[in-house]
Amino acid sequence: MKALVEEAGLGDRFWIESAGTSAFCEGGPRDRRSVATASRRGIALEGRARQFQRDDFARFDYVLAMDVRNRADLVELAARAEDRAKVVLLRDFDPDASDPSVPDPYRGERGFEAVFELCEAACRGLMSELRAELANP
């Protein structure tokens with residue numbers, strides 16, 4: 001998503017972060033296969049794993065979940081209806097999505113490649129919606 005925002009010349013208009021719904025791997029580096037997949041496309045993945053916190057709802061307009069389980073976890077964490085409304089599935093922005101969830105990339109030979117492609121398609125759809133929002137505030 002950061003790469004698409006930068007490509008659109010809107011990098012100064014957005015703050016984008018990634019966080020998980022559990023403390024598993026917190027503080028650890030990105031998976032090397034994920035980094036390699038992005039790198040082949042000219043995208044640098046930076047940062048360390050962190051867990052989504054309740055305070056994050058105040059910092060972001062959108063809270064994108066990769067799958068229905070993560071969405072449920074995030075909705076449960078939200079203290080207010082306004083925060084729950086921010087939680088949406090990433091693939092909701094992909095008009096060609098046949099499944100609402102991004103599959104686990106650790107399964108299958110092309111897991112990381114396939115997941116990158118699904119995420120990119122959804123991020124392009126989100127970028128289209130965001131451009132429309134910016135054009136019609």
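We count residues from 1, following the sequence as given.
Residues Met1 and Trp15 fall into different hydrophobic clusters, defined by Ile, Leu, Val, Met, Phe, Trp and Tyr side chains chained together at heavy-atom separations under 4.5 Å. Neither Phe60 nor Leu10 shares a network with the other; the hydrophobic side chains, linked directly or stepwise wherever heavy atoms of I, L, V, M, F, W or Y lie under 4.5 Å apart, form separate groups for each. In the hydrophobic clustering of this structure, Met66 groups with Tyr62; members are Ile, Leu, Val, Met, Phe, Trp, Tyr whose side-chain heavy atoms approach within less than 4.5 Å, directly or through other members. Linking ILVMFWY residues whenever their side-chain heavy atoms come closer than 4.5 Å, directly or via other members, leaves Val102 and Val87 in distinct clusters. Leu89 and Leu74 fall into different hydrophobic clusters, where Ile, Leu, Val, Met, Phe, Trp and Tyr side chains are chained together by heavy-atom contacts under 4.5 Å.
Closest of all the heavy-atom pairs between Met127 and Ala8 is CE-CB, 4.0 Å. Summarising the geometry of Val88 relative to Phe93, their closest heavy-atom pair is CG2-CE1, 3.7 Å, with the distance given to 0.1 Å. Taking both residues in full, the closest heavy atoms of Ala19 and Phe52 are given as CB-N, 3.7 Å, listed atom of the first, atom of the second, then distance.
No donor-acceptor pair under 3.5 Å is formed between the side chain of Ser34 and the backbone N or O of Arg30. A donor-acceptor pair is defined here as one N or O able to donate and one able to accept, closer than 3.5 Å; such a pair exists between the side chain of Ser101 and the backbone of Val68. Side-chain atoms of Arg91 come within 3.5 Å of backbone N or O of Asp99 as a donor-acceptor pair.
For the pair Leu134 and Arg13, the minimum side-chain heavy-atom distance is below 4.5 Å. Between Leu118 and Pro103 there is a side-chain heavy-atom pair separated by less than 4.5 Å. Side chains of Arg41 and Phe116 form a contact here, defined as non-hydrogen atoms less than 4.5 Å apart. Side-chain contact check for Tyr106 versus Arg33: some heavy-atom pair is nearer than 4.5 Å. Considering only heavy atoms from C-beta on, Asp31 stays 4.5 Å or farther from Val35 through its side chain.
Expressed to the nearest 0.5 Å, how far CD1 of Ile43 lies from CD of Glu6 amounts to 11.5 Å. Atom CG of residue Asn136 and atom CZ of residue Arg131 lie 14.0 Å apart, to the nearest 0.5 angstrom. The CG atom of Leu64 sits 5.5 Å away from the CG atom of Leu90 when rounded to the nearest 0.5 Å. The structure places CZ of Arg48 at 14.0 Å from OG of Ser18, a figure rounded to the nearest 0.5 Å.
Applying the side chain to side chain donor-acceptor pair (under 3.5 Å) criterion to Arg69, with sequence neighbours excluded, gives Asp73. Arg124 is linked by a side chain to side chain donor-acceptor pair (under 3.5 Å) to Glu120, counting only residues two or more places apart in sequence or in another chain.
Screening Arg84, Arg54, Gln53 against Leu77 for a side chain to side chain contact (heavy atoms under 4.5 Å, CB included) leaves a single residue, Arg54.
The residues Asp92 and Arg71 are annotated as not salt-bridged, no charged nitrogen and carboxylate oxygen being separated by less than 4.0 angstrom.
Other residues, nucleotides and ligands contribute more than 12 heavy atoms inside 6.0 Å of the CZ atom of Arg59.
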